[in-house]
Q: 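Just dropping this structure here.
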Amino acid sequence: MPEMPEVETIRRTLDDKVTGRKILRVGMLLPRLVKWPSPGEFQALVTDTVITWLARRGKYLLFYLDSGIVMVVHLRMTGRLFVQTEWTDDRFARIVFELDDAKRLVYADSRTLGTLYAMPEAELWRIAGLHTLGPEPLSPEFTPGYFREKLRGRKGKIKALLLDQKVIGGLGNIYVDESLALAGIHPERAADSLREEEAAKLYGAINTVIEQGIQYGGTSFRDYRDGEGGRGSNQHHLSVYGRKSQPCKICGTPIAKGEVAGRGTHYCPNCQK
DNA sequence: ACGAGCACCTGTGTGC
DNA sequence: TGCACACAGGTGCTCG
């Protein structure tokens with residue numbers, strides 16, 4: 001579900017609610033979501049520690065603890081992370097952290113595909129997807145030159161490349177479709193077929209789309225909610241995603257939906273070449 | 001390098 | 001109303 005703008009919004013809305021808080025107890029309602037170490041060890045590592053810093057890399061959230069341990073959460077498709085003020089039960093609560101201010105940090109997840117980890121900072125390499133994560137949009141490492149280099153010699157489809165977290169960290173299906181739409185590039189184009197100016201335009205579009213996503217607090221179609229349980233509003237500002245058969249905002253042509261790189265893909269057949 | 005297929009899971013919307 | 005089926009914002013694996 002959540003891509004970089006959603007995870008960043010969660011981080012921002014959660015930050016002041018969890019930073020400085022002590023975790024008193026961890027309720028393991030669905031232990032198998034913990035991938036490292038064992039669920040029991042995870043529980044022991046996290047209990048009785050103070051959250052000192054909440055960080056994000058790509059789609060990963062990192063809770064730095066005063067013990068030197070980092071708890072890492074990846075929400076995959078339907079994970080949600082929020083602080084509960086009242087003690088109401090969430091139907092999909094899976095891991096519950098009781099905090100020292102009588103509130104609860106809840107990890108909820110309907111499809112249960114999300115993953116949690118806990119380990120010393122020096123061992124974060126154990127999380128392969130985090131270790132190999134490429135530079136993020138809007139970061140100093142994500143330069144036009146870097147992007148151009150990554151396109152070179154890549155015969156695969158541009159959409160597949162943009163979804164590859166090793167190339168760019170944080171893009172997902174929504175923002176890839178939106179980036180390609182904004183740049184006027186067809187999702188099935190071979191990555192290395194982009195002309196210089198097309199690559200430059202796509203580079204800019206990626207940053208623009210991600211920035212806008214964060215500005216509007218993420219895209220809430222169904223499951224996504226921020227750290228306070230609120231909805232984002234970026235779904236009202238999309239060009240193509242979720243707009244099948246609706247008129248393109250530029251030319252009026254109905255938005256098409258097909259499958260590219262194994263994912264549902266929205267695009268304007270007229271504007272994107 | 002690349003793509004296809006599948007696996008992990010469950011909920012929801014759609015068409016009959 | 002009930003049922004079968006498609007589809008979902010992600011990632012990681014195998015196989016050719």
Side-chain angles (χ1 to χ4, degrees), chain A residues 1-10 29-36 56-61 72-81 90-95 107-117 126-134 149-180 187-193 209-210 212-214 216-226 231-245 257-266:
Chain A
M1 125 194 159
E3 308 176 33
M4 180 181 153
E6 287 73 38
V7 181
E8 175 60 18
T9 301
I10 291 171
L29 281 58
L30 190 59
R32 67 171 167 78
L33 298 188
V34 173
K35 303 305 173 185
W36 186 273
R56 179 194 56 76
R57 284 171 64 191
K59 302 172 193 173
Y60 291 86
L61 276 170
V72 181
V73 180
H74 193 301
L75 289 69
R76 295 290 179 108
M77 295 289 268
T78 51
R80 287 178 289 132
L81 204 47
D90 188 290
R91 182 182 170 201
F92 300 115
R94 308 301 187 191
I95 310 281
Y107 178 76
D109 193 340
S110 63
R111 286 177 71 182
T112 71
L113 294 171
T115 51
L116 293 87
Y117 314 78
R126 292 185 186 280
I127 307 171
L130 179 59
H131 189 61
T132 60
L133 196 66
E149 276 303 304
K150 286 296 171 183
L151 296 180
R152 188 185 297 181
R154 297 290 291 249
K155 306 292 183 194
K157 292 170 184 172
I158 185 63
K159 169 150 183 171
L161 181 124
L162 296 183
L163 284 171
D164 186 345
Q165 302 298 297
K166 295 189 282 300
V167 177
I168 304 172
L171 290 183
N173 208 29
I174 296 177
Y175 295 96
V176 164
D177 279 5
E178 291 296 307
S179 299
L180 290 167
E188 296 193 280
R189 286 274 300 280
D192 72 351
S193 76
V209 154
I210 291 293
Q212 182 198 290
I214 295 172
Y216 287 114
T219 305
S220 290
F221 270 115
R222 11 177 357 112
D223 303 288
Y224 163 69
R225 297 292 183 273
D226 66 26
R231 299 170 68 94
S233 62
N234 196 49
Q235 62 276 18
H236 304 305
H237 303 274
L238 299 175
S239 302
V240 291
Y241 191 90
R243 299 193 64 246
K244 180 185 174 186
S245 304
K257 185 181 178 195
E259 188 181 302
V260 180
R263 311 293 301 276
T265 299
H266 305 74

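Letters go in sequence order (proteins before strands), and every chain restarts at 1. Every value quoted in this text rests on a predicted model; they were computed, and no experiment measured them.
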Q: If I take atom CZ in residue A:F221 and atom P in nucleotide B:dT12, what distance separates them, rounded to the nearest angstrom?
A: 17 Å
Q: Under 4.0 Å between a side-chain N/O of A:Q165 and OP1 or OP2 of C:dT11, yes or no?
A: yes
Q: Is the shortest side-chain N to carboxylate O distance from A:D192 to A:K155 below 4.0 Å?
A: yes
Q: I need the CG-P distance between A:L75 and C:dT11, as an integer number of Å.
A: 11 Å
Q: Could you check how far NZ of A:K150 sits from P of B:dC2, rounded to whole Å?
A: 11 Å
Q: Give me the distance, rounded to whole Å, that separates B:dG5 from C:dA6 when you measure between the P atoms they each carry.
A: 15 Å
Q: Determine whether the aromatic ring centres of residues A:F221 and A:Y241 are separated by less than 6.0 angstrom.
A: yes
Q: With the threshold set at 4.0 Å, does a side-chain nitrogen-carboxylate oxygen contact exist between A:R263 and A:D177?
A: no
Q: Within less than 4.0 Å of OP1 or OP2 of C:dG10, is there a side-chain N or O belonging to A:H74?
A: no
Q: In whole Å, I'd like the distance from the CG atom of A:N173 to the P atom of C:dT11.
A: 11 Å
Q: Pick one: which of A:T9, A:T219, A:T78 meets side-chain contact (heavy atoms from CB on, under 4.5 Å) with A:Y224?
A: A:T9
Q: If the C1' atom of C:dG2 is compared with that of B:dC9, how far apart are they to the nearest Å?
A: 24 Å
Q: Among A:K159, A:E259, A:K257, A:K157, whose side chain to side chain donor-acceptor pair (under 3.5 Å) with A:T265 holds?
A: A:K159
Q: When rounded to the nearest Å, what value does the distance between P atoms of B:dT14 and C:dG9 take?
A: 16 Å
Q: May I ask you to evaluate whether A:R263 reaches the phosphate of C:dG9, defined as a side-chain N or O under 4.0 Å from OP1 or OP2?
A: yes
Q: State which residues pass side-chain contact (heavy atoms from CB on, under 4.5 Å) with A:R32; sequence neighbours excluded, sorted by chain then number.
A: A:L30, A:T112
Q: Report yes if at least one side-chain N or O of A:K59 is closer than 4.0 Å to OP1 or OP2 of C:dG9; otherwise report no.
A: no
Q: Whole-Å distance between C:dT11 P and A:L162 CG?
A: 14 Å
Q: With A:Y60, which residues qualify under ring-ring contact (aromatic ring centres under 6.0 Å, His included), at least two apart?
A: A:H74
Q: Set out, line by line, the N/O atom pairs under 3.5 Å between protein and nucleotides 4-11 of chain B.
A:
{"residue": "B:dC9", "atom": "O2", "partner": "A:R111", "partner atom": "NE", "Å": "2.9"}
{"residue": "B:dC9", "atom": "N3", "partner": "A:R111", "partner atom": "NH2", "Å": "3.2"}

Q: How would you list, by chain and number, every residue that makes a side-chain hydrogen bond (donor to acceptor under 3.5 Å, both in side chains) with A:D164, sequence neighbours excluded?
A: none
Q: Without decimals, in angstroms, what is the distance between A:K257 NZ and C:dC7 C1'?
A: 7 Å
Q: Calculate the interatomic distance between A:L163 atom CG and C:dG9 atom C1'; express it in whole Å.
A: 11 Å
Q: Is there a side-chain polar atom (N or O) of A:Y175 under 4.0 Å from OP1 or OP2 of C:dG9?
A: no
Q: Using a cut-off of strictly less than 4.0 Å, decide whether A:R154 has a side-chain nitrogen or oxygen near OP1 or OP2 of B:dC2.
A: yes
Q: With a 4.0 Å cut-off on heavy atoms, is A:T219 in touch with a base, just the backbone sugar-phosphate, or nothing at all?
A: base
Q: The criterion is side-chain contact (heavy atoms from CB on, under 4.5 Å); which residues satisfy it with A:A160, sequence neighbours excluded?
A: A:A261
Q: Where does DNA chain B form stems of at least three consecutive Watson-Crick or G-U wobble pairs, each pair having both distances below 3.5 Å?
A: B:2-8 with C:10-16, B:10-16 with C:2-8
Q: To the nearest Å, give me how far apart CD (A:E3) and C1' (C:dG10) are.
A: 9 Å
Q: Work out which heavy atom in A:L130 is nearest to a heavy atom in A:R57; give both atom names and the distance.
A: O-NH2, 3.8 Å
